**Student:** 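This is the structure, below, for whatever I ask next.
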Amino acid sequence: MLESSPIIQENSPVFIKLPSENIRFVTLKPNNTISLGKFGSFCTDDLFGKTYDETFEIYEPKKIRVLKTREVQSLEEENKTNKELMDCRSNQLMSQDEIEELRKQIKEGGLRGEEAIRQLTSKSLTFDQKTQYAQAKYVNRKGEKYLQQFRALRPCLETVTEYMLDHDQYKIMELTADCSTYMMTLGNAQPGGRYLVVDETGCLFLGSLLERLGGDCKVTLVHPNEQPNSSCLELWGKEYTEESLVEKGILRTLNWLQVIGPEEALKDMHVDDCTEEELNEMKLRHKKRYESRKASYARLQSSLEDFEKGNFDALFVLSNHTPMSVLNLLLPKIGSSRPVLVYSPYQQVLVDTHHELFKWSNPCEVTETNNEDITNDESSEKHELQDTQNAWVEKLIMLDIHEIRTRPYQVLPERTHPFMSIRGDMGYVLSGLKVLSSVCTVAAGRFPKRQKQGAGNKKKANTRV
Amino acid sequence: MLESSPIIQENSPVFIKLPSENIRFVTLKPNNTISLGKFGSFCTDDLFGKTYDETFEIYEPKKIRVLKTREVQSLEEENKTNKELMDCRSNQLMSQDEIEELRKQIKEGGLRGEEAIRQLTSKSLTFDQKTQYAQAKYVNRKGEKYLQQFRALRPCLETVTEYMLDHDQYKIMELTADCSTYMMTLGNAQPGGRYLVVDETGCLFLGSLLERLGGDCKVTLVHPNEQPNSSCLELWGKEYTEESLVEKGILRTLNWLQVIGPEEALKDMHVDDCTEEELNEMKLRHKKRYESRKASYARLQSSLEDFEKGNFDALFVLSNHTPMSVLNLLLPKIGSSRPVLVYSPYQQVLVDTHHELFKWSNPCEVTETNNEDITNDESSEKHELQDTQNAWVEKLIMLDIHEIRTRPYQVLPERTHPFMSIRGDMGYVLSGLKVLSSVCTVAAGRFPKRQKQGAGNKKKANTRV
Amino acid sequence: MVFSKYKDFVEDGDLVVAWIGRNKLLPLKIEDGQTFHNQYGAFPHSEMIGKRYGQQISSSAKQGFIYLLQPTPELWTLALPHRTQIVYTPDISIIFEKLRIVHGTRVIEAGTGSASMSHALSRTVGPSGKLYSYEYHASRYETALQEFRDHNMLDEINGNTHLTHRDVCKDGFETEGLPLKVDAIFLDLPAPWEAIPHLIKHVNRNGTTRVCCFSPCMEQIQRSASALQVSGWCDIEMLEVSYKQWTARKSRVIRVDDSIDRLKEVKRHRTEGFERRKERQRLEKEFAESAENGEELNDSQVSTPSEPPSKSPTSTEKIHKRIREGDEEYEWSNVARVDSNLKNHTSYLLFAVHLPSQLDNESESTE
Amino acid sequence: MVFSKYKDFVEDGDLVVAWIGRNKLLPLKIEDGQTFHNQYGAFPHSEMIGKRYGQQISSSAKQGFIYLLQPTPELWTLALPHRTQIVYTPDISIIFEKLRIVHGTRVIEAGTGSASMSHALSRTVGPSGKLYSYEYHASRYETALQEFRDHNMLDEINGNTHLTHRDVCKDGFETEGLPLKVDAIFLDLPAPWEAIPHLIKHVNRNGTTRVCCFSPCMEQIQRSASALQVSGWCDIEMLEVSYKQWTARKSRVIRVDDSIDRLKEVKRHRTEGFERRKERQRLEKEFAESAENGEELNDSQVSTPSEPPSKSPTSTEKIHKRIREGDEEYEWSNVARVDSNLKNHTSYLLFAVHLPSQLDNESESTE
């Protein structure tokens, strides 16, 4: 289990949100000064004991106090009213959003910004726009200069994802919080679950999953390199680092080579046992190394055993690899009646995967219990098994590609409208549910007319369901 | 030019919209009775001289009168208020939309409808829903029974498309009015234009184009069969039929075989000239046939000449054929600096086309005029031509795939929200602009460092623009 | 809790979600001796007991099948009997993100409605969390209570859910005099603004509390937003969930060359027909002449040319036959389609945050 | 009209739209003797004259190029100097559909603004139609007037557009005492409801008149809808245009097998490294021993094993090098991307219809 407190403590992770809307991440080491540039600086100790999400004002150099909600509201309202002043002439003047956009472009620097300025200040620009632009700039500068305040946000799915999208969207495969939460929900993620995860988003998704489950779960992470890239985990605090999670027994990791060749992987990791005598003679350094290698071996062995056992409660795939190459190796490890979720930044990738999954099937044996059989009739159970072992395949049903986005609105009196522009790139999610199917199925809910159950032995049962 | 009157006349086409929201199409032959089933019937003569779009009430058998706007409004309001009564309990009760949906399913008949009823009337359903459902049914029945009225809509892009989407969406490639209007706008469709069109939507798009241009244009329609499928044209009235349009010189038609083999096509159509004497001896029937075949030949010859001349003002492609197979044959015929528009029900089809169009180029000769050259210096013009003839290609720039949809809202006091459900399938539009490019271009707006203009002679100039 | 842990085999008394067909799910309470019927036949429950979850079951006559799925809140949402308009999974998942619903969260929900949200909340907050659900409508309350009991969700029987029959707009949220404090509040009410003033008693003193109002109409949102601001909530945000579901399909690849070949074929037919017509005319003439000359020709000779011309197997006829999507004789490209009936709107989602510092304001203002 | 007919060659005095780069268009008035400059060099106008429309022009130093495009209302919308928030082509095209803007339509537009809508309207209604455009703001009126004159759109010089400087909310739409009747009305005003009562004088007596109010905020729409209803307009409809632009891109196809090969490679390196390390240890030991024995080994011998191991060209290093999108050495799949900055909202579009039968109501009510 991972602890989570609404109170900021020593070594707590915190996201500092500045009036400029920029977000920074810090781990609050005791007795440390955090500089926020032109917004001032503060001492970490002064944050300890405070609740997350409050707004703090730097009212004197290095002195902070909690701003009461009403104070924040009135400041925000003033700001909004200023903005509205310009916005309410609405479509007859350059809009607030357009100005914001220009300002953003200018901030980003480079040619586009210059172009924007050129456009704004070119001779074709009439006087009142110049005024308006100046006004917007003034308001913005004022806000940035006089509002020496910040918010101390608690790490969570939404905040961590926003931070990563701002800082390195390609590293996290442009994964939005909306897609993450939808995958967890469709994946029936719940405390106590056992999940198989392929996560090449720097483990942003894994972190979100662990946050939602409070660490009350067992996750096997399959990764393509020697070591997993899990750099986003630390954004939830040091309890979430890979090392800590492995130690707590929450996380197991396997790379693809270990997945496809478990015996060889174990052989490679094998360390010859030392005798008690040899151990006693070892230098401390060597002994430690020996023990750590022994532990690694044991961990790999247990991870592989757990993986081979299969029957995972869900499969989550967020990978730069072609989804089908991942799914072919991992689908057999998922339990029956359990969900499979695949993320991609591109719909086209999932459309191809969807087509391949229509056709995917994996021959399997089906053991059935029976109230009487369970205890005392093993032979008849075996008989039934014999009867059906070639007639069953694992398949996926309820395959769908989902597009989920949120559309934010401005809610101001007399000024309600959707925000003018939002982030465009957002990924897609493919979902399916694993079932055990008789091989001779050809139509949804119905058997083919002349092929009764068990009559055929076809490999490809192309039922669309 | 095609006439268009806001007044209903003899033989006018009209779309009858019933209180059930169903639309029917009729051509108003004089002194005819039109039966609207349970909504009553009326005599066509009584509509002549009335303006389109009004609501008519059948107040006595076969007697109609125009309902004044206020009367219509109050009826509509009553209906809306009834609906609202149920809707305003909103999320705490089954919604109006859900009931509508169930009702729709029931109307469609078959299993789904039965399922819906079963769901509604199953024992799990509480009493108040039954009441609500009954209420909705009652309101609906009342509306259908007592509102013996209809609207007489004028054919237009929106109405004709709505009618076709309701009646045979696949025949028109699921083309929405939103896509049509966007293509015409991006295609700079304007009176006096000369367009090349491939239209396999039963000529729904062509009809819309002719409506917008009032027939003040010349269109060459390329089609895949012996005769074009233009069955939607008649929905705009008899002036819009293929025969009439060809006769008026607005429309020319060519099939693909004629496009790729014009000489052979002409040869096939050739009719030996008859002498004056032979003509005089001919039976009237034979003479007519001879003249009609002569005219067909002349029409084909002129169509082919016009086509070969090229320099069309825009290309519109709405085809079930792979777009690139169409574009390869027709792009060279479009003028420089003119738009190209391609419609498909599927984004994926246009993504592939987009990639191929990035690479598309067609070697061409560029003649330039020069203020002095035009009149008196032909030799120097020829010289310049010589200089550049291998160095130019036709290309497409500003390639983009567009998705355009409308999102309708319910606007009632205190009840403003987007409609709960709308038609889902809507197509995509690919647009580009034809330009003449030096073959050695490799980057947007910039030449490659060591390949100055005219230096290279590469076929593939993969500039992304 | 029935819904919270996966198991492998179907047992007597289990609630299963039966997959009947695409987009057709049905809740099924397994009772030995009972039988489920649909248009493809009978499915005795006795044959379901002992089967694996996810396994296909064929009808007695082997004419149809169903899958036995283990219920999850998401499958339940697709299968449940509608008592009210329900909250669907896309909205639920976004609400979870914004309200920070995680393991251990304490949540208020009003009203219970069809309980699709309740099941998802109960699952996600888990054994260390708590769900307080309120329903105004008496019969809906009773039904939900029975459902929660059947699904082992009720706190009185080791679950995490507490259901109260109450008009929260009038009587607030207090339960049995407990000092109820929660982390998140979900209001799915016709007039949320009437319930908002009661919330202040139940916000955390030492942490953030978040609220979501779920309303279909813009005007409801506007009123709720004002009410929240008046009550000292901040970070007021409004959004809509835009959701689309796609299915992979195949679209036929036809090239202009294919149509040109067909046109050539048609032309060839016509030419042949023309020549045959000429041949017939010649023969008819000969016949007439021979008749004049007293000769007779066999009818069969005359009719010979009217036999169908030679044809290649890939020509005209093929075009008109109904082609199965994905038929391997033809070329296809992978495309995606949305449902023809698209959910355009469910409700607007209004969010706000309550911070402990606001409580200082209140104590000040009472001073 | 400059914008209405296509021509082939660029002439002195023409207005061209210069394509400078992706999403970068600039209006350019061709004047012999002038020169256009950008970061890639100088483009003398004299070299543009006589070129084909659509032709590429290289800078004098041959370092860059532009395309000379013939202006259309749509290209103009992308290139025009913004005086106000403009109406973009997706909204324009939907408004044309709903207002039935075709050849011959008579239209009122208020206000003119940046005139992106004016150009599109003037083009589409053509010589047999008419556009009455109204602008309240003095300097914007002057600029628009000059622009319309330059583009040969004004009715006084054979065009179809009439521009009036007027506050239509206060003073209505009457022009020079003419009995102005129109088929369509487009209101892009901050308070359309103030202009709506003036419209009734200008609706058709013998046909339908349609109106569109274009407003960014919901509350404006609600007020306009009421005003329209009060004025006897019917078929009140509201919608939003949802528009997205996609670009085709390529996404790299990497299979798990590729990563397994790489892992094997890494393992081989490590094993080799391990063996090299063992070898070095052996040599070091020998060296130490030989040193003890007074022997010496050549340094170069010791360092030999540290040379890079054999490698295949498709292995590790490749992974880390920056790969150009679409590089033919690799496998790619076709995908689509939207712009990272998406237009989420422009304005709400409110439509209504006025029918002649309403005029009967009015005459009745005056009776």
Side-chain angles (χ1 to χ4, degrees), chain A residues 6-7 51-54 66 68-70 72-73 156-158 177-178 181-182 185-186 188 190-192 211-214 216 313 335-338 347 351-352 354-355 366 368-371 397 400-409 411 434-438 441 444-447 452-453 465, chain C residues 4-6 9 19-22 40 49-56 58 62-65 67 69-70 72 74 89-90 92-94 96-97 100 102-104 123-124 126-127 206-208 222 225 232 234 236 238-248 334 336 353 355-358 360-361:
Chain A
I7 309 294
T51 47
Y52 274 113
D53 300 330
E54 297 278 8
V66 177
K68 289 175 189 167
T69 311
R70 289 214 196 280
V72 178
Q73 278 183 355
C156 69
L157 166 61
E158 195 185 356
D178 299 343
T181 187
Y182 190 57
T185 309
L186 267 194
N188 192 29
Q190 61 185 320
E211 177 200 347
R212 180 156 296 185
L213 305 182
D216 179 12
D313 289 344
S336 170
S337 192
R338 323 255 164 117
Q347 196 199 37
V351 170
D352 293 342
H354 197 172
H355 275 293
V366 172
E368 297 170 10
T369 70
N370 190 293
N371 287 342
I397 60 167
D400 280 304
I401 298 169
H402 312 261
E403 178 185 320
I404 185 165
R405 284 107 180 72
T406 47
R407 192 162 186 247
Y409 278 70
V411 231
K434 201 166 146 188
V435 292
L436 303 170
S437 185
S438 161
T441 318
R446 198 156 45 97
F447 286 106
K452 293 289 157 65
Q453 189 181 13
V465 282
Chain C
S4 68
K5 296 280 177 204
Y6 280 109
F9 297 100
W19 181 97
I20 312 291
R22 183 161 173 86
Y40 301 118
I49 296 165
K51 289 287 187 297
R52 272 202 167 265
Y53 269 109
Q55 195 172 343
Q56 196 180 55
S58 56
K62 310 275 183 208
Q63 283 174 327
F65 64 81
Y67 288 105
L69 306 180
Q70 188 171 351
T72 66
E74 289 64 44
T89 302
I92 289 175
S93 74
I94 299 297
F96 280 21
E97 170 197 340
R100 319 257 160 112
V102 301
H103 187 23
R123 179 262 321 268
T124 301
N206 290 313
T208 312
Q222 288 162 336
C234 62
I236 294 173
M238 201 261 271
L239 56 84
E240 247 186 307
V241 177
S242 151
Y243 171 76
K244 258 187 213 171
Q245 196 173 298
W246 302 81
T247 307
N334 289 348
V353 169
L355 293 168
S357 60
Q358 170 61 19
D360 304 342
N361 290 330

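The figures that follow rest on heavy atoms only: side chains count, while hydrogens, waters and symmetry mates do not. Naming: A, B, ... by sequence-line order, numbering from 1 per chain. Note that the structure is a prediction, hence the values are computed from the model and not measured.
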**Student:** So what's closer than 4.5 Å to chain C heavy atoms on A:Thr51: side chain, backbone, both or neither?
**Tutor:**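 For A:Thr51, side-chain heavy atoms alone lie under 4.5 Å from chain C.
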**Student:** Side-chain contact, heavy-atom cut-off 4.5 Å: A:Ile397 with C:Trp19?
**Tutor:**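 In short, these two side chains touch, coming nearer than 4.5 Å.
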**Student:** Any side-chain to backbone donor/acceptor pair from C:Gln56 onto A:Ser438? Under 3.5 Å, distance only.
**Tutor:**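 Yes; at least one donor-acceptor contact below 3.5 Å.
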**Student:** For the residue pair A:Ile404 and C:Ile94, establish whether any side-chain heavy-atom pair is separated by less than 4.5 Å.
**Tutor:**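 Result yes, sub-4.5 Å side-chain heavy-atom pair found.
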**Student:** Tell me, for A:Tyr52 versus chain C, whether the close heavy atoms (under 4.5 Å) come from the side chain, the backbone, both or neither.
**Tutor:** backbone
**Student:** Using a 4.5 Å cut-off on heavy atoms from C-beta on, say whether the side chain of A:Gln347 contacts that of C:Trp246.
**Tutor:**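 Yes; the side chains approach each other to less than 4.5 Å.
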**Student:** Are the side chain of C:Ser93 and the backbone of A:Thr185 linked by a donor-acceptor contact shorter than 3.5 Å?
**Tutor:**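 No; judged by distance alone, with no hydrogens or angles, the pair does not exist.
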**Student:** Do the non-hydrogen side-chain atoms of A:Arg212 and C:Phe96 ever get within less than 4.5 Å of each other?
**Tutor:**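 Yes, their side chains come closer than 4.5 Å.
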**Student:** With only heavy atoms counted, which part of C:Phe9 is less than 4.5 Å from chain A, the side chain, the backbone, both or neither?
**Tutor:** side chain
**Student:** With respect to chain C, which residue among A:Asp216, A:Leu157, A:Asp400, A:Ile7 yields the maximal number of heavy-atom pairs within a distance under 4.5 Å?
**Tutor:**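 Option with the greatest count: A:Asp400.
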**Student:** Could you tell me which portion of A:Leu213 (side chain, backbone, both or neither) has an atom closer than 4.5 angstrom to a non-hydrogen atom of chain C?
**Tutor:**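 Contact with chain C is through the backbone of A:Leu213 alone.
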**Student:** Assess the residue pair C:Ser242 and A:Thr406 against the criterion (side chain to side chain contact (heavy atoms under 4.5 Å, CB included)); give the C-alpha distance rounded to whole Å, side-chain angles, the decisive distance to 0.1 Å, and a yes or no.
**Tutor:** CA-CA 6 Å; C:Ser242 151; A:Thr406 47; over 6 Å; no
**Student:** Can you name the residues that form a salt bridge (Lys or Arg N to Asp or Glu O under 4.0 Å) with C:Glu74, not counting sequence neighbours?
**Tutor:**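 C:Glu74: salt bridge (Lys or Arg N to Asp or Glu O under 4.0 Å) contacts with C:Arg123.
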**Student:** Does any heavy atom of chain A fall under 4.5 Å from the side chain of C:Gln222, the backbone, both, or neither of them?
**Tutor:** side chain
**Student:** Any Lys/Arg nitrogen of C:Lys5 or A:Asp313 sitting under 4.0 Å from an Asp/Glu carboxylate oxygen of the other?
**Tutor:**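 Looking at A:Asp313 together with C:Lys5, the answer is no, because their closest N to O distance does not fall below 4.0 Å.
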**Student:** Run the side chain to side chain contact (heavy atoms under 4.5 Å, CB included) check on A:Ser437 and C:Phe65 step by step: do they pass?
**Tutor:** CA-CA 10 Å; A:Ser437 185; C:Phe65 64 81; 5.8 Å; no
**Student:** Before giving the answer on side-chain hydrogen bond (donor to acceptor under 3.5 Å, both in side chains), spell out for A:Glu403 and C:Tyr243 the whole-Å C-alpha distance, their side-chain angles and the decisive distance to 0.1 Å.
**Tutor:** CA-CA 6 Å; A:Glu403 178 185 320; C:Tyr243 171 76; over 6 Å; no
**Student:** Hey, mind stepping through A:Glu211 and C:Arg100 against salt bridge (Lys or Arg N to Asp or Glu O under 4.0 Å) and telling me if it holds?
**Tutor:** CA-CA 10 Å; A:Glu211 177 200 347; C:Arg100 319 257 160 112; 5.9 Å; no
**Student:** Distance-only, no hydrogens or angles: does the A:Ser337 side chain make a donor-acceptor pair with backbone N or O of C:Gln70 under 3.5 Å?
**Tutor:**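 Between the backbone of C:Gln70 and the side chain of A:Ser337 there is a qualifying donor-acceptor contact (under 3.5 Å).
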**Student:** Quick one: closest heavy-atom pair of C:Leu239 and A:Pro408, and the distance?
**Tutor:**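 In terms of heavy atoms, the two residues are closest at CB-CA, 3.9 Å.
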**Student:** Just do the side chain to side chain contact (heavy atoms under 4.5 Å, CB included) check on A:Val66 and C:Leu355 with the steps written out, would you?
**Tutor:** CA-CA 11 Å; A:Val66 177; C:Leu355 293 168; over 6 Å; no
**Student:** Is any side-chain heavy atom of C:Lys244 closer than 4.5 Å to one of A:Arg405?
**Tutor:** no
**Student:** Quick check: closest heavy atoms across C:Gly126 and A:Pro191, and the distance to 0.1 Å?
**Tutor:**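 C:Gly126 and A:Pro191 have their closest heavy atoms at CA-CG, 3.9 Å.
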**Student:** Please name the pair of heavy atoms, one in A:Asn188 and one in C:Tyr6, separated by the smallest distance, quoted to 0.1 Å.
**Tutor:**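 Minimum heavy-atom separation between A:Asn188 and C:Tyr6: ND2-OH, 3.0 Å.
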**Student:** Find the one option among C:Val102, C:Thr208, C:Asn206 whose heavy-atom pairs under 4.5 Å with chain A are most numerous.
**Tutor:**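 Looking at each of C:Val102, C:Thr208, C:Asn206 in turn, C:Val102 comes out on top.
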**Student:** Ignoring hydrogens, what is the shortest heavy-atom contact between C:Ala336 and A:Val351? Give both atom names and the distance.
**Tutor:** CB-CG2, 3.6 Å
**Student:** Applying side chain to side chain contact (heavy atoms under 4.5 Å, CB included) to A:His354 and C:Thr247, what does each step give before you reach the verdict?
**Tutor:** CA-CA 8 Å; A:His354 197 172; C:Thr247 307; 4.0 Å; yes
